[in-house]
S.K.: 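Structure below; questions to follow.
A, B, ... follow the sequence lines: proteins, then strands. Residue 1 opens every chain. For clarity, every value in this text was computed on a predicted model and none was experimentally measured.
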Amino acid sequence: MSENRNKKSLNFIEEIIETDRAAGKHHGRVHTRFPPEPNGYLHVGHAKSICLNFGLAQKYGGKCNLRFDDTNPVKEEQEYVDSIIEDIKWLGWDWEDRLLFASDYFERMYELGVQLVRAGKAYVCDLSAEETGLYRGTLTKPGEGSPFRSRSVDENLDLFERMRKGEFPDGSRTLRAKIDVASPNMNLRDPVMYRILHAPHHRTGDTWCIYPMYDWAHGLEDSIEGITHSICTLEFEDHRPLYDWFLDALDVFHPQQIEFARLELAYVVLSKRRLLELVEEKHVSGWDDPRMPTISGMRRRGYTPESIRDFCERIGVAKFNTRVDMALLEFCVRAHLNKTSPRVMGVLDPLRLVIDNYPEEKEEQLDAVNNPEDESAGTRKVPFSRVLYIEKNDFLEDPPRKFHRLTTGREVRLRYAYFITCTKVIKDENGNVVELRCTYDPNTRGGDAPDGRKVKGTIHWVSAAHAVDAEVRLYDRLFTIENPLGDKDGADYRTFLNPNSLEVLRSCKVEPSLTGAEPGTRVQFERHGYFCVDINDSAPGALVFNRTVALRDSWAKIEKKRKR
RNA sequence: UGCCCGGUGGUGUAAUGGUAACACACCAGGUUUUGGUCCUGGCGUUCCAGGUUCGAGUCCUGGCCGGGUAACCA
């Protein structure tokens, strides 16, 4: 088979990179960066960008910097810096010694600002923010030049220096690039480079009272770090001419800005501002609420870094906005967890079951396979006795067709244990089933009948005397519609919060092997799904499990169809 | 309303002028001590109209539709 046939197709960014390398641009070097603003927690949309940038560097033997774009002191906090570092590390990426901050370049940026003023390409403007907007014109109306546009170089130099020294109040002056006030591209209508902000910065303290704007700062940051390919999202497309203009005007190292479509996910919102609102308004318990699409939320929910990276690879990279199906994310996490999660038995909604012909005092240790996908995971012993718990919905007195579970008079298998037959149903005064009486076949130990007879159903169980109590939290999608932000009638996205996104089960019974389970431990509760010991709320003696994702459930599908 | 970008199954992507393909989802079947996993099969796609070409999803023109854009935010 030829090399070519096996070659995976390239996305458009890889094509650009390979073309550049073939042409010997930057001597074939690839250097990217992930540049978060530390004003919120990272979410799965950021994961896409992180995997893209770090992944590209890895693929082409290059480097990727982690750089905090901390140019706006009033919005940014150390807490966010810490969480971002933790999240990217957890995702499995390494920036080596290149933990960088835009704020470390403030002095150099200032020098370059002076250079631009000297070149007659920037000026100090005394217009207020409101006036600046007025002069800028509109989408259809060209702007007009600021009355301060033709100040002399000397005056500009003097004023800019005094801006830095703190002689002027907030908002009284700006440094602006002198480009084209009538440009059809609004970004080129003499954009602001520096604003006066007497605010302490989380890293530079009160060293500065002027702070650079994004358009001015970002290209410089990339240039200073020798970034070859500066990858950002689509909304910066219109900013690219400005990115290029600054770098050309300064005649410094010139990275290439490339824009791609940000990730949208069905049934959640991926916007730092909205996520912050959900946290502040207590619709969720915090940034790491397992329902949140944040990295920390997904980590707590039980997602693995591998599955998130796999997802980011599968969704691809394009130049048009798309909304990815949650089913793909769930597929990725199931695929990884299926290979790696030990199987255990846990009863979420217990129903008492007594085996009448099993001796009162008897107790057995039965062998159970830890992971059928991984022989090296070995086996464990599970205690069995006369009184068990099974799942309430594994018994139906009057079952529909195709129901293979327990019903009166039917024989089923208890996983890894025995065949049992239900002989009697005990109900309370309201007619609710409260206990099942059964008989077992002692010859079926382990779950096989020596006479070769088969049973249709296998159900899980926990020995009542040995069971460990646990709380289990089931999660569902946070919103009831695919695009909570895009309602046709303009309804607020909060309208679509799913009231049933969290269900807490407090009387669950799990097998004793889970007794000392460490926070963060991932398991599969057989026939239910993948669960993770909660890293905040679980304690020895008071286990709390989060459901990461349910197993595919073809019985539920049959049921659903039947009910229609 | 100006400017910029983009339209391929239900969803996400591939095909780089030469048989429209892959994954998810969905449907049907097989295996199974998890109604899981795994295996087999099926479903279904180039926004529209012209043009160039032996040949167009791909190139050109026009239209339609969608997104972005008027912070001293990033």
Side-chain angles (χ1 to χ4, degrees), chain A residues 8-11 15 35-37 39 69-72 74-76 125 127-130 132-133 136-143 170-176 183-189 191-197 210-211 213-215 217-218 232-241 259 261 266 272 314-332 334-335 338-339 343 345 368-369 372-373 402-405 413-417 419 444 446-448 454-460 482 524-529 550-559:
Chain A
K8 209 181 153 239
S9 60
L10 305 175
N11 65 48
E15 274 176 22
E37 182 187 15
N39 66 344
D69 202 5
D70 54 351
T71 57
N72 185 357
V74 302
K75 284 179 152 187
E76 298 154 7
C125 179
L127 254 25
S128 70
E130 197 188 342
T132 306
R136 185 151 28 228
T138 67
L139 290 179
T140 49
K141 197 178 106 221
D170 285 2
S172 59
R173 289 177 216 267
T174 56
L175 184 73
R176 294 229 257 161
S183 171
N185 181 343
M186 300 286 293
N187 296 118
L188 262 22
R189 322 245 263 225
V192 172
M193 296 163 59
Y194 278 99
R195 77 280 213 183
I196 301 173
L197 225 48
I210 57 171
Y211 290 93
M213 299 288 292
Y214 171 86
D215 286 306
H218 205 88
C232 62
T233 44
L234 248 30
E235 68 270 27
F236 292 104
E237 223 155 11
D238 288 342
H239 294 241
R240 190 177 352 114
E259 310 86 13
K272 274 200 238 177
R314 285 169 182 270
I315 56 179
V317 185
K319 290 186 74 167
F320 45 91
N321 284 107
T322 52
R323 185 175 313 281
V324 177
D325 221 316
M326 194 62 98
L328 184 61
L329 221 203
E330 295 186 342
F331 168 82
C332 293
R334 281 194 195 105
N338 176 48
K339 298 286 182 211
R343 273 58 169 173
M345 292 194 282
V369 174
E373 303 291 317
K402 291 187 181 170
F403 182 84
H404 299 152
R405 284 110 97 140
R413 170 166 41 231
L414 291 175
R415 179 89 159 145
Y416 298 127
F419 286 9
T444 57
D448 275 311
K454 301 285 180 198
V455 288
K456 272 290 192 74
T458 301
I459 64 176
H460 62 277
E482 273 197 30
Q524 182 199 97
F525 284 143
E526 292 211 26
R527 305 210 297 134
H528 279 300
L551 250 27
R552 284 184 61 201
D553 188 350
S554 48
W555 169 244
K557 276 183 197 169
I558 296 171
E559 281 251 273

S.K.: Would you please name every residue forming a salt bridge (charged side-chain N to carboxylate O under 4.0 Å, His left out) with R343(A), sequence neighbours left out?
M.R.: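 Not a single residue meets the salt bridge (charged side-chain N to carboxylate O under 4.0 Å, His left out) criterion with R343(A).
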S.K.: Does I558(A) reach a base, just sugar-phosphate, or nothing at all? Heavy atoms under 4.0 Å.
M.R.: base
S.K.: Using a heavy-atom cut-off of under 4.0 Å over every strand shown, decide if A318(A) touches base, sugar-phosphate, or nothing.
M.R.: sugar-phosphate
S.K.: At under 4.0 Å between heavy atoms, what does D448(A) touch on the DNA or RNA strands: base, sugar-phosphate, or nothing?
M.R.: base
S.K.: Any donor-acceptor pair, under 3.5 Å, between the side chain of E559(A) and the base of G35(B), if you only look at N and O atoms?
M.R.: no
S.K.: Between E37(A) and K75(A), does any side-chain N to carboxylate O distance fall below 4.0 Å?
M.R.: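 Not counted as a salt bridge, because no side-chain N and carboxylate O are separated by less than 4.0 Å.
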S.K.: Can you give one letter per nucleotide of nucleotides 64-74 of chain B, 5' to 3': B if a protein heavy atom sits under 4.0 Å from the base, S if only from the sugar-phosphate, - if neither?
M.R.: ---SBBBSBBB
S.K.: Rounding to the closest angstrom, what is the interatomic distance between C47(B) and U58(B) at atom P?
M.R.: 8 Å
S.K.: Once salt bridge (charged side-chain N to carboxylate O under 4.0 Å, His left out) is applied, do any residues pair with R314(A), and if so which ones, sequence neighbours excluded?
M.R.: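 Salt bridge (charged side-chain N to carboxylate O under 4.0 Å, His left out) list for R314(A), sorted by chain: D310(A).
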S.K.: When you measure from the side-chain N and O atoms of R527(A) to the phosphate of G35(B), is any distance below 4.0 Å, counting only OP1 and OP2?
M.R.: yes
S.K.: Pairs under 3.5 angstrom only: tabulate donor-acceptor contacts from the side chains of residues 233-240 of chain A to other protein residues two or more places apart or in another chain.
M.R.:
unit_1  : atom_1 : unit_2  : atom_2 : d
T233(A) : OG1    : E235(A) : OE1    : 3.1
T233(A) : OG1    : E235(A) : OE2    : 3.2
E235(A) : OE2    : R262(A) : NH1    : 3.3
H239(A) : ND1    : D215(A) : OD1    : 2.7
H239(A) : ND1    : D215(A) : OD2    : 3.3
R240(A) : NE     : E259(A) : OE2    : 2.6
R240(A) : NH2    : E259(A) : OE1    : 3.1
R240(A) : NH2    : E259(A) : OE2    : 3.4

S.K.: In whole angstrom, give me the gap between the C1' atoms of G7(B) and A14(B).
M.R.: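 Looking at atom C1' only, G7(B) and A14(B) are 16 Å apart.
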S.K.: Among all residues two or more places apart in sequence or in another chain, which pass the side-chain contact (heavy atoms from CB on, under 4.5 Å) test with P241(A)?
M.R.: N185(A), L188(A)
S.K.: Report yes if a donor N or O on one partner sits less than 3.5 Å from an acceptor N or O on the other, where the partners are the side chain of R323(A) and the base of G12(B); otherwise report no.
M.R.: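 Donor-acceptor pair under 3.5 Å: no.
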S.K.: For R173(A), check salt bridge (charged side-chain N to carboxylate O under 4.0 Å, His left out) against everything at least two apart and list the hits.
M.R.: D126(A)
S.K.: Determine the Euclidean distance between corresponding C1' atoms of C43(B) and U52(B); express it in Å to zero decimal places.
M.R.: 36 Å
S.K.: Using a cut-off of under 3.5 Å, enumerate the N/O to N/O pairs linking the protein to nucleotides 18-24 of chain B.
M.R.:
unit_1 : atom_1 : unit_2  : atom_2 : d
A23(B) : O2'    : R314(A) : NH1    : 3.0

S.K.: Can you name the residues that form a side chain to side chain donor-acceptor pair (under 3.5 Å) with T458(A), not counting sequence neighbours?
M.R.: R413(A)
S.K.: Contact class for R176(A) (heavy atom, under 4.0 Å): base, sugar-phosphate, or nothing?
M.R.: nothing
S.K.: Working note: N72(A) + L197(A), criterion side chain to side chain contact (heavy atoms under 4.5 Å, CB included); need CA distance, chi angles, decisive distance, verdict.
M.R.: CA-CA 9 Å; N72(A) 185 357; L197(A) 225 48; 4.1 Å; yes
S.K.: Who pairs with K456(A) by side-chain contact (heavy atoms from CB on, under 4.5 Å), at least two apart in sequence or on another chain?
M.R.: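 Partners of K456(A) under the side-chain contact (heavy atoms from CB on, under 4.5 Å) test: H404(A).
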S.K.: In chain order, what residues pass the side-chain contact (heavy atoms from CB on, under 4.5 Å) check against V192(A), with sequence neighbours excluded?
M.R.: T174(A), R176(A), M213(A)
S.K.: What's the closest nucleotide to the side chain of K557(A) if the choices are U13(B), C26(B), G36(B)?
M.R.: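 Of the candidates, C26(B) comes closest.
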S.K.: Would you classify L551(A) as touching base, sugar-phosphate or nothing, given that sugar-phosphate means primed atoms plus P, OP1 and OP2, and contacts are heavy atoms under 4.0 Å?
M.R.: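 If one applies the 4.0 Å heavy-atom cut-off, L551(A) turns out to touch a base.
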S.K.: Rounded to whole angstrom, note down the C1' distance from G17(B) over to C54(B).
M.R.: 12 Å
S.K.: For RNA chain B, whose closest nucleotide is more 5', that of F525(A) or that of T140(A)?
M.R.: T140(A)
S.K.: Say you pick atom C1' in G12(B) and the same atom in C39(B); how far apart are they, in whole Å?
M.R.: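 The same atom, C1', in both gives a distance of 25 Å.
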S.K.: Name the nucleic acid region contacted by E330(A), choosing base, sugar-phosphate or nothing; use a 4.0 angstrom heavy-atom cut-off, strictly under.
M.R.: nothing
S.K.: Kindly label the base of A14(B) as syn or anti, based on whether its glycosidic torsion lies within 90° of 0.
M.R.: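 Classified anti.
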S.K.: By the 4.0 Å heavy-atom rule, please label P142(A) as base, sugar-phosphate, or nothing.
M.R.: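 Contact class for P142(A): none.
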S.K.: Apply side chain to side chain contact (heavy atoms under 4.5 Å, CB included) to L329(A) and V324(A), showing your working.
M.R.: CA-CA 9 Å; L329(A) 221 203; V324(A) 177; over 6 Å; no
S.K.: For W555(A) and U32(B), give me the distance from atom CH2 to atom C1', rounded to whole Å.
M.R.: 18 Å
S.K.: For F419(A), give me all partners under ring-ring contact (aromatic ring centres under 6.0 Å, His included), at least two apart in sequence or on another chain.
M.R.: none
S.K.: For K456(A) and U34(B), give me the distance from atom NZ to atom P, rounded to whole Å.
M.R.: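 Taking NZ of K456(A) and P of U34(B), I get 14 Å after rounding.
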S.K.: Counting heavy atoms from C-beta on, name the nucleotide in U1(B), U34(B), G35(B) closest to the side chain of F403(A).
M.R.: G35(B)
S.K.: Round to the nearest Å and state the distance from M345(A) atom CE to U34(B) atom P.
M.R.: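 Interatomic distance, CE of M345(A) to P of U34(B): 12 Å.
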S.K.: From the set U37(B), G6(B), G35(B), return the single nucleotide nearest to any side-chain atom of K319(A).
M.R.: G6(B)
S.K.: Among the candidates U8(B), A14(B), G35(B), find the nucleotide nearest to the side-chain atoms of K402(A).
M.R.: G35(B)
S.K.: Taking all non-hydrogen atoms of both residues into account, name the closest pair between R334(A) and A550(A) and its distance.
M.R.: NE-O, 2.7 Å
S.K.: Considering every strand and a 4.0 Å limit on heavy-atom distances, what is the contact class for R413(A): base, sugar-phosphate, or nothing?
M.R.: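 Base, at least one base heavy atom under 4.0 Å.
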S.K.: Mind listing the closest non-hydrogen atom pair of T138(A) and R189(A) along with its distance?
M.R.: O-NH2, 2.6 Å
S.K.: What base-paired stems does RNA chain B take part in, with at least 3 consecutive Watson-Crick or G-U wobble pairs and both distances under 3.5 Å?
M.R.: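 In RNA chain B, stems of three or more pairs: B:2-7 with B:64-69, B:10-13 with B:21-24, B:26-30 with B:38-42, B:47-51 with B:59-63.
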S.K.: D553(A) has an atom CG; how far is it from atom P of G36(B), in whole Å?
M.R.: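 It works out to 8 Å between those atoms.
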S.K.: Using the closest heavy atom to pick a nucleotide of RNA chain B for each, name whichever of P184(A) or T322(A) lands nearer the 5' end.
M.R.: P184(A)
